[in-house]
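Okay, structure first, notes after.
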Protein chains: 2
Amino acid sequence: MFIELDLQSETPIYAQLVDQIVEGIASGALQPGDPLPSVRSLGEDLGINLHTVNKSYNLLKQEGFLQVHRKKGVIVQPDGMPGVTDAFEEKLRRQLRSLAAEAAVRGMTEAAFTQMSTSLYRDTITNRGGEQR
Amino acid sequence: MFIELDLQSETPIYAQLVDQIVEGIASGALQPGDPLPSVRSLGEDLGINLHTVNKSYNLLKQEGFLQVHRKKGVIVQPDGMPGVTDAFEEKLRRQLRSLAAEAAVRGMTEAAFTQMSTSLYRDTITNRGGEQR
DNA sequence: TATGTGTTATATATGTAATATAACAAATAA
DNA sequence: TTATTTGTTATATTACATATATAACACATA
């Protein structure tokens, strides 16, 4: 697996896991229908508890990024990813506003902020099929 | 004051306060040298504990956005705002990467993401002097 | 039948968030 | 001088989130 955790970080482990799985989907490293490790094996691999993995999986399931099959186990959503919901747009607005404000106060120009947003977006979707380029 | 708290939010009160003060500085509503209410009066105004206000003030002092004068009380940094530190750039990268990944997975285009970043940056610096336009 | 799956339940330890009360030194205002 | 207000420090308590540990369950697979 491509997961790397920082146990010293202030960001909770379950949140780091959620982030990196979403980034895996964005980059194409994880394709729709791909299986994910069981909560027990991934927990053991990463040196963390299975309940921590389970928490991440459940959040991603609730958001619609993962499916849990009684047969196939946990897989990446094969029936189309969730779109831009109101909840996501609100989260995006709130966090971008906060970052933009601090950036502006610190003297970062609009061009620099915009360029950084764009380049980070591009970085995430590098190894992808043919969607939104 | 222009502060509005959401006590039901998952975002801690002290963090909401920090955010809104930084946004106040970014917008120009708070100018360098401007005094802020005492921890007690602001706490009473907002219906929260003085220690919660104190925690926010201390974080902002540590970051260099505020100064504490034994005479003038708490004021907005008059000797130049802190620049783009390594710590801030890392925080910015980490959060932007996470947001961009989820946006991409949800089908938001690069243009839409960029445009949203830019417009939120512009919104924060509306009533400002003559800096970085 | 044995094993592995997600899930649920319970318990514990630790840290953070928020409040409450009290006291302190330093400065200001009466 | 006296009283008040400032940020600050200390202590305690409540509530919640994080993370771990162990155990059991229903279901499916090999």
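Please read all numbers here as calculations on a predicted model, not as lab measurements. As a basis for the values below, the full set of heavy atoms in this structure was taken, side chains included, without hydrogen atoms, waters or symmetry mates. First the proteins, then the strands, lettered A, B, ... as listed; each starts at 1.
Nearest nucleotide to the His51(B) side chain, out of dA20(C), dT20(D), dG7(D): dA20(C). Set against dG6(C), dT8(D), dA18(C), the side chain of Tyr14(B) has dA18(C) as its closest nucleotide. Closest contact between the side chain of Lys55(B) and the listed nucleotides dA17(C), dC27(D), dA19(D) involves dA17(C). Listed candidates were dG7(D), dG6(C), dA19(D). Nearest to the side chain of Pro12(A) is dA19(D). Listed candidates were dT8(C), dT8(D), dT5(C). Nearest to the side chain of Arg40(A) is dT5(C). Set against dT5(C), dT6(D), dT20(D), the side chain of Thr52(A) has dT20(D) as its closest nucleotide. Among the nucleotides dT19(C), dG7(D), dT22(D), the one closest to any side-chain atom of Asn49(B) is dT19(C).
Residue Asn54(B) is the one, among Asn54(B) and Lys71(A), whose nearest nucleotide of DNA chain D lies closer to the 5' end (criterion: closest heavy atom).
Rounding to whole angstrom units, CG of residue Leu46(B) and P of dA17(C) are separated by 18 Å. Look at CG on Leu50(A): it is 11 Å from C1' on dT8(C), rounded to the nearest Å. Rounded to whole Å, the distance from CD on Gln67(B) to P on dT8(D) is 12 Å.
For the pair Ser38(B) and dT5(D), the criterion of a side-chain N or O lying under 4.0 Å from OP1 or OP2 is not met.
A donor-acceptor pair is defined here as one N or O able to donate and one able to accept, closer than 3.5 Å; such a pair exists between the side chain of Thr124(A) and the backbone of Tyr121(A).
Within 6.0 Å of atom CD in Glu89(A), more than 12 heavy atoms from other residues, nucleotides or ligands are found, so the atom counts as buried in its surroundings. The number of heavy atoms from other shown groups lying within 6.0 Å of CG (Asp6(A)) is above 12.
A salt bridge links Glu102(A) with Arg106(A); the closest basic N to acidic carboxylate O contact falls under 4.0 Å.
Looking at heavy-atom distances under 4.0 Å, Lys61(A) makes contact with sugar-phosphate atoms alone, never a base.
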